[in-house]
Colleague: 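One structure is given below, represented as structure tokens, and several questions about it will come after.
In what follows, every heavy atom counts, from backbone to side chain, and hydrogens, waters and symmetry copies are set aside. The chains referred to below are lettered A, B, ... by the order of the sequence lines, with proteins before strands, and numbering in each begins at 1.
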Amino acid sequence: MDRYDPSVIEPKWQAYWDERKTFKTPETPRSEKKAYILDMFPYPSGSGLHVGHPEGYTATDIVARYKRARGYDVLHPMGWDAFGLPAEQHAIQTGTHPRVTTQENIATFKRQLKMLGFSYDWDREIDTTDPAYVRWTQWIFLELFERGLAYQSEVPVNWCPALGTVLANEEIINGLSERGGHPVVRIPIRQWMLRITEYADKLLEGLDLTEWPSSTRTMQIEWIGRSEGAQVRFETVDGGDSVEVYTTRPDTLLGCTFVVLAPEHPLVEKLTSEAKRAEVEAYVAAAKAKSERDRQASKEKTGVFTGGYVVNPVNGEKIPVYIADYVLAGYGTGAIMAVPAHDQRDFEFAKAHGLPIREVVSKDGNPSREPLEEAMIEEGIAVNSGPYNGLKTAEFKAKIIEDLQTSGKGERRVETKLRDWVFSRQRYWGEPIPIYFPVETEGDPRKGDPYTIDYSKPMPVPREELPLELPELDDFRPGEDPEGVLARAVEWRFFERDGKFYARETNTMPQWAGSCWYYLRFIDPHNDKEPFSQEAAKRWLPVDLYVGGAEHAVLHLLYARFWHKVLYDAGIVPVPEPFQKLVHQGMILGEIEYTAFRRPSGELVSAREVKSTADGEIHEPSGAPVTREKVDSARAKKDERGEWVLASDPSIALEARAHKMSKSRGNVVNPDEIVREFGADAMRVYEMFMGPLEATKPWNTASIGGVRRFLDRAYQIAKKSDASAEASPELLQLLHQTIRKVTDDIEALHFNTAISALMVLSNELNRLNAVPKEAVSIFARLLHPFAPHLGEEIWAMLGHGESVQFADWPEYDASLAERSEVEIPVQILGKVRGRITIAKDADQEQALARAKELPQILSQLEGKTIRKVIYVPGRILNLIVG
RNA sequence: GCGAGAGUGGCGGAAUUGGCAGACGCGCCGGACUUAGGAUCCGGUGUCUUCGGACGUGCGGGUUCAAGCCCCGCCUCUCGCACCA
């Protein structure tokens, strides 16, 4: 072959790898060193791979190939997170079974991944919808159930009867479903819950054991939202009931001037006086009608007085009770003690409703002279607090909790924002929850006879009966029954045993379930005795490198850690944390776009004058709406202020930015087309060359040409390989510097600079008419993790019979990589005036002597004296003159 | 509003962490080879310049012999959170 032709060599090597099983995970340990390198497995959507997928996959593939070359036992698997709504929606619309759609989509994804030459061990492929996998997902659910971590609860959900489904808050607009505009009601539905809150502390502490991005750690910490405080009882004035409040500032108890209940609080009705009843009921009804979102949208402190009073447990003071929707029913106890002097929200409410503000903490221990203008939320020293005066906040907290506990009026309490996990879906395409219930019936419920299911007695499906498979259905539409789609499969749902009828759970698991433990199945994917063996777990866990999108920073990563910790406590996994090092690849945006704005009158307006409002974008001075218009980059230029403007009319500023890829914007890049035009290696190298892995970066198809030219050159270099040619000292040095740079950069996941080092080397090698074979050999081995097909091809051209994957990673010789002589700049007063070439470890005198040989330095020194010499060997010589 | 990250040529980005700003690539300009070029190869390319040099890493200050990097104060963008008591 004369020219580099990826369309020929890429399929050739892919077939070679497949046949030889080049990337098969070693069954028995061959090495002391192991590396479990994992991608977040994809949901195989109908639209196939987009260019964002291969970014992370290429990064892990480079590391996997590099680690194998370094003698590690590498586990690098891939699979499919294949349950999920889109396939079910498709089934509802077309009648095609979700399994069929899913299998087709998987085939497409797999073809595309193979096309890119990733070194997965395909023998370990996982499909979460495979009954052999579902079996163990259900098995783990039973593990949770038996540990009391899975329970049923009536949870208020957004139920849309017309769609027959539960909607997320985001899917509701003004009380109507986003799709279709159907009414949505909040009704309690029986749901399976997982007690993740019980693991809140362990989930927090475990973060310290991992090497994760600090942003992700912070997000998890905030999501869990742990706070320490006290639960305090305020008895009603008649003593019949008490309002429990949660506070993180029990030290401000004496500054409490009112108590506020959430509108949904169970005591609202009891506390409301007759005189206030109508007003309160109206407020409660209005609050209920608003969606969660709308309620949180307004920060205005609305609320009404109930007419009821409670008693301050410390000083016996009578305190009015309000209801307000700034108090959330779902957090703490759904009731607060309001301390307007030291809580901004309470302060605003007090101001709005004319309630007293009593200062009980101050910076210096003296009450303020002026009324507070805003809440003083910081800690300080107690004032106006009787016997507690003078205590520092922390001391006060400890003391008062002790006192409350003694008097039986309160106790210490830890609260989290994290809620228990609603684990059931009223859907078809998910894992059936392996639980059944007793049924009361006179006849046979399968024949339509009346029945009652006793949901209070859940029973686990025996493990030997797993997997509990989904029934075959023709109609996947959600029905009116909130028990879910499966409730219609009566033959599946009901069964008779020992003369009694039982009903299976008809809820299915959420999509998260399969992804909660897939990394555990990969270590032993064909085991039919247990989810995975203990030996495999000891050998491979934890995952050493986990790469995936930041959109999973909280939910997937928190849920998977939760399951992992349960299994750890059960003694089933040997390490406390599943993912040792985590990296999020950045998003790849579409190509940069220049946009002009046009008024309806036809004239263009400057982007500076365009503001986006709720009703769209408008031209601010005139208030007229504007439309966007794409401008070719050739018609745009940058003006003196550094602003992008229309070349033909610089008064018209343009918007210049890259947008997220989306179908509607029409800027989606298809990997198939890129591979067809430039080759898989070029696509891989380009994606790694774009910039740092973690950065968000715009796509630019033109730039792939540069990468392709680099690969072309690499091929030409290989053709010039000459066993009799010898490397010059300069080349030898460059070779060893490149080995060092590429090795260090791969370890640090700095692929963009590793590639640039390879380009520098290739530029040098390409200058030669005969390239020393040893240089080509090193080059091929350094290149192959990035461009594996070409790496193999060049390796074969050098006469090797085995895959380059089995070749040793080149080692660099530090003494060869270092220069003995370096060129350093000579500065006068911090400005570069010349350069000298000098021994790396030359002393100051030598350096100064050499500098004085330079005419441009001498002329600068004329008539001046050197006051100070700063010399950093190998770096700089700076002369301070005066 | 709060939190995190970022801002460097026309563009993507480098810069051993305080030591030559702009590696590498795209684009652009010029040249070679060509019937041809959206192919290939070679050279140039931060801005201004009186060709000595001056200026230059979002803006304004500061520390230092020396600042893209450290400190103080702002601006802009991206992401996350958003009444959590």
Side-chain angles (χ1 to χ4, degrees), chain A residues 3 213-216 218-219 222-223 225 227 229 245-249 252 260 295-301 324-328 330-339 342-346 348-349 415-419 550-551 553-554 584 586-587 589 591-592 633 636-638 642 644 656-658 685-686 689-692 694-707 709-710 712-713 716 741 744 750 752-760 762-763 766 823-832 834-835 856 859 867-872 874-881:
Chain A
R3 301 182 54 80
S214 62
S215 58
T216 304
T218 305
M219 280 164 75
E222 286 176 357
W223 188 264
S227 72
V245 305
Y246 172 70
T247 175
T248 56
R249 292 294 301 273
T252 61
V260 188
R295 271 169 75 165
Q296 298 198 357
S298 160
K299 299 263 178 196
E300 223 174 295
K301 297 289 176 292
D325 66 2
Y326 83 90
V327 174
L328 308 176
Y331 185 77
T333 59
I336 61 155
M337 59 173 219
V339 184
H342 305 290
D343 182 287
Q344 190 57 32
R345 296 152 301 182
D346 298 343
E348 286 163 21
F349 190 86
E415 185 62 28
T416 59
K417 282 197 251 180
L418 179 69
R419 310 280 83 196
E551 65 273 20
V554 175
H584 301 301
M587 203 191 322
L589 304 174
E591 298 228 11
I592 196 153
S633 63
K637 68 164 189 181
K638 230 178 194 183
W644 282 98
R657 60 183 299 175
V685 174
Y686 170 63
F689 186 60
M690 289 171 83
E694 295 92 334
T696 302
K697 17 189 198 287
W699 181 268
N700 178 232
T701 298
S703 289
I704 306 176
V707 167
R709 276 191 283 282
F710 160 63
D712 275 324
R713 265 198 308 277
Q716 296 307 321
K741 177 81 179 144
D744 292 351
H750 293 164
N752 54 332
T753 48
I755 291 165
S756 111
L758 287 168
M759 286 174 168
V760 171
S762 82
N763 289 343
N766 198 36
E823 190 190 67
I824 65 167
V826 180
Q827 298 181 334
I828 306 286
L829 289 169
K831 288 191 196 291
V832 179
R835 294 163 205 290
Q856 65 271 37
S859 67
R867 299 196 179 278
K868 194 174 172 189
V869 177
I870 290 127
Y871 174 61
V872 183
R875 289 250 192 271
I876 204 157
L877 176 65
N878 188 6
L879 307 178
I880 310 307
V881 299

Colleague: Please compare A:G705 and A:I876 by the position of their nearest nucleotide in RNA chain B and report the one closer to 5'.
Modeller: A:I876
Colleague: Taking all non-hydrogen atoms of both residues, which atom of A:T416 and which atom of A:Y331 are closest, and how far apart?
Modeller: O-CE1, 3.6 Å
Colleague: What is the nucleic acid contact for A:K831, judged by heavy atoms within less than 4.0 Å: base, sugar-phosphate only, or nothing?
Modeller: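 Contact class for A:K831: sugar-phosphate only.
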Colleague: Indicate yes or no for a side-chain donor-acceptor contact from A:R419 to the backbone of A:G330 under 3.5 Å, with no hydrogens or angles considered.
Modeller: yes
Colleague: Classify A:V760 by what it touches in the nucleic acid, base, sugar-phosphate, or nothing, heavy-atom distance under 4.0 Å.
Modeller: sugar-phosphate
Colleague: Looking across every strand, which nucleic acid part, if any, lies under 4.0 Å from A:K638 by heavy atom: base, sugar-phosphate, or nothing?
Modeller: sugar-phosphate
Colleague: Side chain of A:M759 only, please: which of B:A54, B:A85, B:G25 is the nearest?
Modeller: B:G25
Colleague: When you get a sec, tell me which of B:G10, B:G19, B:A4 is the closest nucleotide to the side chain of A:W644?
Modeller: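 Within the option list, the nearest is B:G10.
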Colleague: Below 3.5 Å between N/O atoms, which protein atoms pair up with nucleotides 58-66 of chain B? Just atom names and distances, please.
Modeller:
| unit_1 | atom_1 | unit_2 | atom_2 | d |
| --- | --- | --- | --- | --- |
| B:C65 | O2' | A:N878 | ND2 | 3.4 |
| B:C65 | O2 | A:N878 | ND2 | 2.5 |

Colleague: Return the polar atom pairs (N/O with N/O) between nucleotides 14-17 of chain B and the protein under 3.5 Å, or none.
Modeller:
| unit_1 | atom_1 | unit_2 | atom_2 | d |
| --- | --- | --- | --- | --- |
| B:A14 | OP1 | A:N752 | ND2 | 3.0 |
| B:U16 | N3 | A:R875 | NH1 | 3.1 |

Colleague: OP1 or OP2 of B:G27 less than 4.0 angstrom from a side-chain nitrogen or oxygen of A:R709, does that happen here?
Modeller: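 A:R709 to B:G27 OP1/OP2: side-chain N or O found under 4.0 Å.
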Colleague: Checking A:T218 now: which residues fulfil side-chain contact (heavy atoms from CB on, under 4.5 Å) with it, not counting sequence neighbours?
Modeller: A:E222
Colleague: With a cut-off of less than 4.0 Å, is there a side-chain N or O of A:S227 near OP1 or OP2 of B:A85?
Modeller: yes
Colleague: Side chain of A:Y246: nearest nucleotide among B:G25, B:G19, B:A85?
Modeller: B:A85
Colleague: If you assign each of A:D343 and A:M690 to its closest nucleotide in RNA chain B, which residue comes earlier from the 5' end?
Modeller: A:M690
Colleague: Heavy atoms from C-beta onward define the side chain here; which of B:C26, B:A54, B:C11 lies closest to that of A:A702?
Modeller: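 Looking only at heavy atoms from C-beta outward on A:A702, the closest nucleotide is B:C26.
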Colleague: Determine the contact category for A:R867: base if any of its heavy atoms lies under 4.0 Å from a base atom, sugar-phosphate if only primed atoms, P, OP1 or OP2 are that close, otherwise nothing.
Modeller: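 Result for A:R867 = nothing.
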Colleague: I'd like a table of atom pairs between the protein and nucleotides 43-52 of chain B - only N or O on both sides, under 3.5 Å - with the distance next to each one.
Modeller:
none

Colleague: For RNA chain B, produce a single dot-bracket line, 5' to 3'. Pairs: Watson-Crick or G-U wobble, both distances under 3.5 Å. Symbols: ( ) within strand, [ ] crossing, | other strand, . unpaired.
Modeller: (((((((..(((......[....)))((((((.......))))))(((....)))..(((((..]....))))))))))))....
Colleague: Taking syn as within 90° of 0 and anti otherwise, name the glycosidic form of B:U17.
Modeller: syn
Colleague: What residues form a ring pair (Phe, Tyr, Trp, His ring centres under 6.0 Å) with A:Y686, not counting sequence neighbours?
Modeller: A:W699
Colleague: Just do the side chain to side chain contact (heavy atoms under 4.5 Å, CB included) check on A:H584 and A:T216 with the steps written out, would you?
Modeller: CA-CA 9 Å; A:H584 301 301; A:T216 304; 2.7 Å; yes
Colleague: Among B:A85, B:G12, B:A54, which is the nearest nucleotide to the side chain of A:P698?
Modeller: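 The answer is B:G12.
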